[in-house]
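Values reported hereafter were calculated over all heavy atoms of this structure, with side chains retained and with hydrogens, waters and symmetry mates removed. Computed from a predicted model, the values in this text were never measured in an experiment.
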Amino acid sequence: MAGARGDMRLRLLVAVVAASTTVCAAQLTRNHYAGVCPDVETIVRGAVAKKFQQTFITVGALVHLYFHDCFVEGCDASVLIASTANNTAEKDSSANLSLAGDGFDAVIKAKAALDAVPRCRNQVSCADILTMATRDAIALAGGPAYAVELGRLDGLRSTAASVPGKLAPPSSTLDKLTALFASNGLSQTDMIALSGGHTVGLAHCSTFASRLRPTVDPTLSPKFAAQLQSWCPPNVDARTAVPMDTVTPRAFDNQYFKNLQTGMGLLSSDQLFYTDPRSRPTVDAWAKSEAAFDKAFVAAITKMGRVGVKTDASQGNIRHNCAAFN
């Protein structure tokens with residue numbers, strides 16, 4: 001009975017959260033800036049393309065940044081705020097120190113491009129810029145192109161203290177991951193689809209070192225483990241990072257799922273999607289069909305983009321500087 005009551009409480013929590021995100025979604029529209037900055041998407045896309053040409057790291061950096069923003073305080077660009085003498089911001093939380101600077105820089109460049117157009121200056125939120133920039137980077141890497149909902153305001157608070165418990169460590173179990181995503185109105189299928197974003201990006205050796213030493217994680221391919229050990233020897237520089245998808249690291253595709261089938265998931269929280277029989281069928285399906293993965297990913301990232309959004313002036317505003325409150 002206790003287990004049944006627990007399941008009922010979880011279903012109720014998911015329903016409540018899902019309902020709240022639906023309300024937020026109703027206040028977001030695809031043409032939100034049509035009257036004030038009609039070329040907003042073209043301008044942002046151009047800025048992201050320039051950044052992409054400078055470094056491919058931009059793609060994984062933006063995907064990672066967007067996820068970390070939405071899961072803490074909602075999709076409100078709070079992760080972009082810089083710390084001050086009086087406040088340690090989200091970005092300086094230990095869980096966010098791995099966020100690549102190229103993601104932040106892409107947003108800054110896109111904001112500058114918008115501000116260079118008089119009618120667009122300070123009219124577009126940093127939260128929406130991050131949403132569009134992430135979409136554009138994914139498409140540039142060969143991933144799906146999709147429409148985005150806009151109308152988010154930028155949050156009014158950002159603290160490192162708000163991060164713990166909101167982002168799952170690589171050692172998380174499937175149940176813990178599922179519960180975390182459910183608390184944000186996202187299903188297990190959404191979670192696996194969003195994890196497919198690991199098809200681009202890098203991970204520091206420290207995030208998977210425990211899978212290599214003192215003994216090798218048995219779910220790792222022996223050949224892959226040997227490769228990782230050579231890239232990440234003992235006492236390796238803490239800044240050393242390797243591609244999360246070592247087969248097609250520069251393409252946003254379904255190779256991530258094929259890697260899981262062969263024991264080449266970089267993080268333990270990736271590989272468990274294949275080792276756990278509850279999630280393996282989804283991995284197998286998307287390893288077989290890139291089109292099916294793309295469809296699921298677009299649905300999931302669209303839902304994630306509705307998490308905790310601020311659309312009321314009492315909750316947020318449009319920042320003049322994405323790294324500082326007005």
Side-chain angles (χ1 to χ4, degrees), residues 17 57-84 86-107 126-127 130-131 133-134 154-186 190-192 194-211 232 236-244 265-273 300-301 304-305 307-309 322-323 325:
V17 174
I57 292 173
T58 302
V59 183
L62 279 167
V63 173
H64 198 189
L65 185 63
Y66 190 42
F67 173 80
H68 279 227
D69 183 48
C70 291
F71 268 48
V72 182
E73 301 290 348
C75 306
D76 66 351
S78 53
V79 74
L80 302 179
I81 291 293
S83 295
T84 64
N86 299 318
N87 178 60
T88 302
E90 276 180 39
K91 68 182 294 186
D92 288 320
S93 163
S94 60
N96 282 331
L97 295 180
S98 63
L99 294 174
D102 290 298
F104 294 92
D105 189 55
V107 175
C126 300
L130 176 55
T131 299
T134 302
D154 298 323
L156 305 177
R157 65 189 298 269
S158 175
T159 64
S162 65
V163 177
K166 303 293 180 59
L167 301 169
S171 59
S172 298
T173 64
L174 183 64
D175 288 335
K176 286 185 178 180
L177 287 169
T178 301
L180 176 64
F181 276 73
S183 71
N184 287 291
L186 298 165
D190 295 327
M191 172 181 71
I192 300 170
L194 289 168
S195 296
H198 288 173
T199 187
V200 289
L202 305 171
H204 291 90
C205 292
S206 59
T207 60
F208 55 86
S210 63
R211 303 188 72 199
C232 300
V236 66
D237 188 317
R239 295 168 294 181
T240 301
V242 302
M244 299 192 78
L266 190 61
L267 307 179
S268 59
S269 54
D270 289 322
Q271 193 59 49
L272 67 80
F273 292 142
I301 199 167
M304 187 180 78
V307 173
V309 299
C322 290
F325 298 118

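Across every non-hydrogen atom of Cys232 and Val242, the tightest pair is SG-CG1, 4.2 Å. Thr58 approaches Ala106 most closely through the heavy-atom pair CG2-CB, 4.1 Å. Heavy-atom minimum distance, Val107 versus Cys322: CG1-SG, 4.1 Å. Between Gly165 and Leu180, the shortest heavy-atom contact is O-CD1, 3.7 Å. Closest approach of Ser172 to Leu272, counting heavy atoms only: O-CD2, 3.1 Å. Ala203 and Leu267 make their closest contact through CB-CD2, 4.5 Å (heavy atoms, listed as atom of the first residue, atom of the second, distance).
Applying the salt bridge (Lys or Arg N to Asp or Glu O under 4.0 Å) rule to Asp105 yields the partners Lys51, Lys109; only residues at least two apart in sequence or on another chain are considered. For the side-chain contact (heavy atoms from CB on, under 4.5 Å) test, residues two or more places apart in sequence or in another chain that qualify with Cys70 are Tyr66, Cys75, Met304. By the side-chain contact (heavy atoms from CB on, under 4.5 Å) test, Ser94 is found to be paired with no residue, residues two or more places apart in sequence or in another chain being considered. Applying the salt bridge (Lys or Arg N to Asp or Glu O under 4.0 Å) test to Asp76 and every residue at least two apart in sequence or in another chain returns Lys310. With sequence neighbours excluded, no residue forms a ring-ring contact (aromatic ring centres under 6.0 Å, His included) with Phe325. Partners of Asn86 under the side-chain hydrogen bond (donor to acceptor under 3.5 Å, both in side chains) rule, at least two apart in sequence or in another chain, do not exist in this structure. Partners of Thr88 under the side-chain contact (heavy atoms from CB on, under 4.5 Å) rule, at least two apart in sequence or in another chain, are Ser83, Asp92, Ala160. Not counting sequence neighbours, Thr207 has no partner by the side-chain hydrogen bond (donor to acceptor under 3.5 Å, both in side chains) test. For His68, the side-chain hydrogen bond (donor to acceptor under 3.5 Å, both in side chains) partners are His64, Asn96, not counting sequence neighbours. Partners of Ser162 by side-chain contact (heavy atoms from CB on, under 4.5 Å), not counting sequence neighbours, listed by chain and number: Val72, Glu73, Glu90, Arg157, Thr159.
Annotation: salt bridge (charged side-chain N to carboxylate O under 4.0 Å, His left out) contacts involving residues 163-184, sequence neighbours excluded, comprise Asp175-Arg278. Sequence neighbours left out, the pairs with a member in residues 195-206 that pass side-chain hydrogen bond (donor to acceptor under 3.5 Å, both in side chains) are His198-Asp270, Thr199-Asp245, Thr199-Asp253.
Put simply, the residue from Ser78, Ser158, Ser93 that forms a side-chain contact (heavy atoms from CB on, under 4.5 Å) with Val163 is Ser93.
Asn184 has its side chain out of reach of Met191: every pair of non-hydrogen atoms, C-beta onward, lies at least 4.5 Å apart. For the pair Thr134/Phe67, no side-chain contact is recorded, criterion being any heavy-atom separation below 4.5 Å from C-beta on. The shortest distance between side-chain heavy atoms of Met244 and Leu266 falls below 4.5 Å. Side-chain contact check for Leu80 versus Asp69: every heavy-atom pair is 4.5 Å or farther apart.
At distances below 3.5 Å, at least one donor-acceptor pair connects side-chain atoms of Asp154 with backbone N or O atoms of Cys126. Proximity of a side-chain donor or acceptor of Asp237 to a complementary backbone N or O of Arg239 within less than 3.5 Å is detected.
Atom CG in Leu167 sits 8.0 Å away from atom CZ in Phe71 (nearest 0.5 Å). A distance of 10.5 Å separates CG of Leu62 from OG1 of Thr131, quoted to the nearest 0.5 Å. Taking OG1 from Thr240 and CG from Leu202, the interatomic distance works out to 11.0 Å, rounded to the nearest 0.5 Å. Taking OG of Ser171 as the start and CZ of Phe208 as the end, the distance is 15.0 Å to the nearest 0.5 Å.
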